[in-house]
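Along the sequence shown, the residues carry numbers beginning at 1. The analysis underlying the following values was restricted to heavy atoms, covering all of them including side chains, and did not include hydrogens, waters or symmetry mates.
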Amino acid sequence: MANKYAVIDTQINQMNATLIEQLNGRQGDGGRVVYFSIRDGNSPYDISNKTISIIAKDAQGKVKVISTVNNIISAVGGLFSMVIPSALYQASGNIEEAYLKVYDNSNVVITSIPITFTVLANNVILTSNASSDYIDSVQEAVNQANKLISGISDNVKAQSIAYDALKSSLALMTDQINSQQVALKNGDNSFSGTNLFNNTATFSVPINGATQSRYALDYFSDINKVVTNMKTYVGHYFVGSVPVTNGPNGNILYAVVEVIAGNTSTTGIIRVVSQFGGVQYTGLVDGGVLKKWVANADDSNTVHRTGNETVAGNKNNTGIQTFTQPIVGSVASRWTSIKDVNLLTSSMTTNSGIWYGSTTTVANMPKDGYFFMEVQPVPGSEVEGFIRVTYIGASGLYIGKVSSGKLTWVQLYNNENTDKTFISGNYGLRVTTTGIQKTSDGGSNWTNI
């Protein structure tokens, strides 16, 4: 920076002028870009919202005022450049007196630093015009001329000075446009340096190029900071060995973080993907609060609605499961959880299936002993159906009819009486030594079931 920038210190002794070698030139020079670095001792001097001018009196005593800043390279860093017009290099010799002045928005001089430089004679130029006063602000030229000269003819001269200043300013601007030092609104532009946009940038066409991932800790170390201003942190970040707190499982380490804002700065989602396990989480943000983290399923480990798959582990399904194809495999019998068989009369569908138990744990069974019990509801009903109970040791078979929530037992078989007949009207059942039989004519004829 020492070779490129002219360093000007605001703390320098006001009796000593700083030699600005970058301003040294020869008669006839013009359009030179000079880079300046204003310092406040060892610290940069912030030039945000400030106006900078060079006011000089050349070797012929002519005043030159230059206040056109070519480029603010870093306002906080005090770095900028100015295009020096040829008017500054009209008279050869040492500059009699010169200052670099900094004004605030109210045109109050904040600091004034004395500077000096030299204009070398150019003996190659055949004709050399005398040096003249030069002010690069058109309005300032008019005002200065009007203060010094009165009368109609003098005002014409003031306008002429203003015109010359305007012409010079237009020439400088034309040179900048031709040399592509300024951006064109309706043309193609190439930005070679780093550009900072403090307001929203809107693109009507897709961005041609990649968006850069940023190191998270340069912007935030706690997810709770992000959720309160989602639009500020939109984009992709990476996290290394230093954690970001309040992630899905506490600290976030070695992961990629994506922030997507909603329609406000306090809504949206935050995605976190681990670089090792590949586990993905989505954080739901609403009202500036992270409501919850949701683990995103890995497709290879997810049960799908279609296709053949093997599912490992025990599954507890609390809703009704409907199978349109036969179940391949056995249906497990379960140790009954019912404490009283009469409770089944209001929960037939809920407790359908095969159970086993003992009358020591289930009350109001048809007889004592260990048993197998099959609960068969009428489809869709909790209060209609049948209960079949088979006692272990061939000691009995009972059918319980459940109708409107009421249970009635019928004994179909007892090893103490193998010939048991039940007839209701023309229909009936009987248990004989040859098996279970049925009748539809009041018992005249029996057929094996």
Side-chain angles (χ1 to χ4, degrees), residues 44 46 48-49 74-77 191 193-322 350:
D46 191 348
S48 301
N49 301 316
S74 172
V76 175
F191 297 92
T194 300
N195 298 278
L196 175 63
F197 298 91
N198 291 319
N199 292 321
T200 302
T202 302
F203 300 90
S204 59
V205 296
I207 296 175
N208 184 14
T211 56
Q212 183 176 5
S213 293
R214 296 167 285 176
Y215 183 47
L217 290 183
D218 287 342
Y219 300 89
F220 57 86
S221 59
D222 188 339
I223 289 296
N224 287 336
K225 180 180 179 181
V226 178
V227 300
T228 58
N229 202 344
M230 295 285 285
K231 290 188 176 181
T232 298
Y233 298 101
V234 167
H236 299 85
Y237 303 87
F238 60 90
V239 182
S241 59
V242 181
V244 171
T245 59
N246 289 308
N249 299 306
N251 290 338
I252 301 174
L253 290 167
Y254 298 103
V256 176
V257 179
E258 181 183 15
V259 180
I260 303 174
N263 61 333
T264 68
S265 292
T266 57
T267 59
I269 62 174
I270 300 174
R271 291 192 183 125
V272 177
V273 183
S274 170
Q275 295 178 355
F276 293 125
V279 181
Q280 301 183 31
Y281 293 91
T282 299
L284 307 179
V285 179
D286 187 26
V289 177
L290 200 151
K291 296 297 185 180
K292 64 178 180 178
W293 288 103
V294 178
N296 304 121
D298 183 358
D299 186 72
S300 62
N301 294 318
T302 302
V303 178
H304 298 82
R305 296 182 62 186
T306 59
N308 300 327
E309 295 177 328
T310 300
V311 181
N314 298 326
K315 304 294 183 285
N316 182 19
N317 299 316
T318 58
I320 296 175
Q321 310 303 309
T322 302
T350 301

A.B. asks: In chain order, what residues pass the side chain to side chain contact (heavy atoms under 4.5 Å, CB included) check against Pro243, with sequence neighbours excluded?
C.D. replies: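 Only Asn251, Leu253 meet the side chain to side chain contact (heavy atoms under 4.5 Å, CB included) criterion with Pro243.
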
A.B. asks: Who are the side-chain hydrogen bond (donor to acceptor under 3.5 Å, both in side chains) partners of Asn229, not counting sequence neighbours?
C.D. replies: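 Only Thr232 meet the side-chain hydrogen bond (donor to acceptor under 3.5 Å, both in side chains) criterion with Asn229.
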
A.B. asks: Under the rule for side chain to side chain contact (heavy atoms under 4.5 Å, CB included), what residues qualify as partners of Thr228, not counting sequence neighbours?
C.D. replies: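 Thr228 satisfies side chain to side chain contact (heavy atoms under 4.5 Å, CB included) with no residue once adjacent residues are dropped.
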
A.B. asks: Using the test side chain to side chain contact (heavy atoms under 4.5 Å, CB included), find all partners of Val256 that sit at least two apart in sequence or belong to another chain.
C.D. replies: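 Here the qualifying residues are Gln275.
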
A.B. asks: For residues 238-275, which residue pairs qualify under ring pair (Phe, Tyr, Trp, His ring centres under 6.0 Å), counting only residues two or more places apart or in two chains?
C.D. replies: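 Passing the test, one end in residues 238-275: Tyr215-Phe238, Tyr254-Phe276.
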
A.B. asks: Only counting residues at least two apart or in another chain, list the ones meeting side chain to side chain contact (heavy atoms under 4.5 Å, CB included) with Val234.
C.D. replies: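 Once residues adjacent in sequence are excluded, the partners of Val234 under the side chain to side chain contact (heavy atoms under 4.5 Å, CB included) criterion are Ala261.
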
A.B. asks: Restricting to side-chain hydrogen bond (donor to acceptor under 3.5 Å, both in side chains), what partner residues turn up for Ser48, sequence neighbours left out?
C.D. replies: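 side-chain hydrogen bond (donor to acceptor under 3.5 Å, both in side chains) list for Ser48, sorted by chain: Asp46.
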
A.B. asks: For Arg214, which residues count as a salt bridge (charged side-chain N to carboxylate O under 4.0 Å, His left out) partner, sequence neighbours excluded?
C.D. replies: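 Partners of Arg214 under the salt bridge (charged side-chain N to carboxylate O under 4.0 Å, His left out) test: none.
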
A.B. asks: So, using ring pair (Phe, Tyr, Trp, His ring centres under 6.0 Å) as the criterion, who are the partners of Tyr237 when residues are at least two apart?
C.D. replies: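 Checked Tyr237 against ring pair (Phe, Tyr, Trp, His ring centres under 6.0 Å); matches are Tyr219, Phe220.
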
A.B. asks: Going by side-chain hydrogen bond (donor to acceptor under 3.5 Å, both in side chains), name the residues that satisfy it together with Ser74, two or more places apart in sequence or in a different chain.
C.D. replies: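 For Ser74, no residue satisfies side-chain hydrogen bond (donor to acceptor under 3.5 Å, both in side chains) once neighbours in sequence are set aside.
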
A.B. asks: Among residues at least two apart in sequence or on other chains, which ones pass side-chain hydrogen bond (donor to acceptor under 3.5 Å, both in side chains) with Asn224?
C.D. replies: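 Applying side-chain hydrogen bond (donor to acceptor under 3.5 Å, both in side chains) to Asn224 gives none.
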
A.B. asks: Can you pull the salt bridge (Lys or Arg N to Asp or Glu O under 4.0 Å) pairs that have at least one residue in residues 242-271, sequence neighbours excluded?
C.D. replies: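 Applying salt bridge (Lys or Arg N to Asp or Glu O under 4.0 Å) to every pair that reaches into residues 242-271, excluding sequence neighbours, yields Glu258-Arg271.
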
A.B. asks: Which residue, Val227, Asp286, Val289, forms the side chain to side chain contact (heavy atoms under 4.5 Å, CB included) with Thr267?
C.D. replies: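 It is Asp286; the other options fail the test.
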
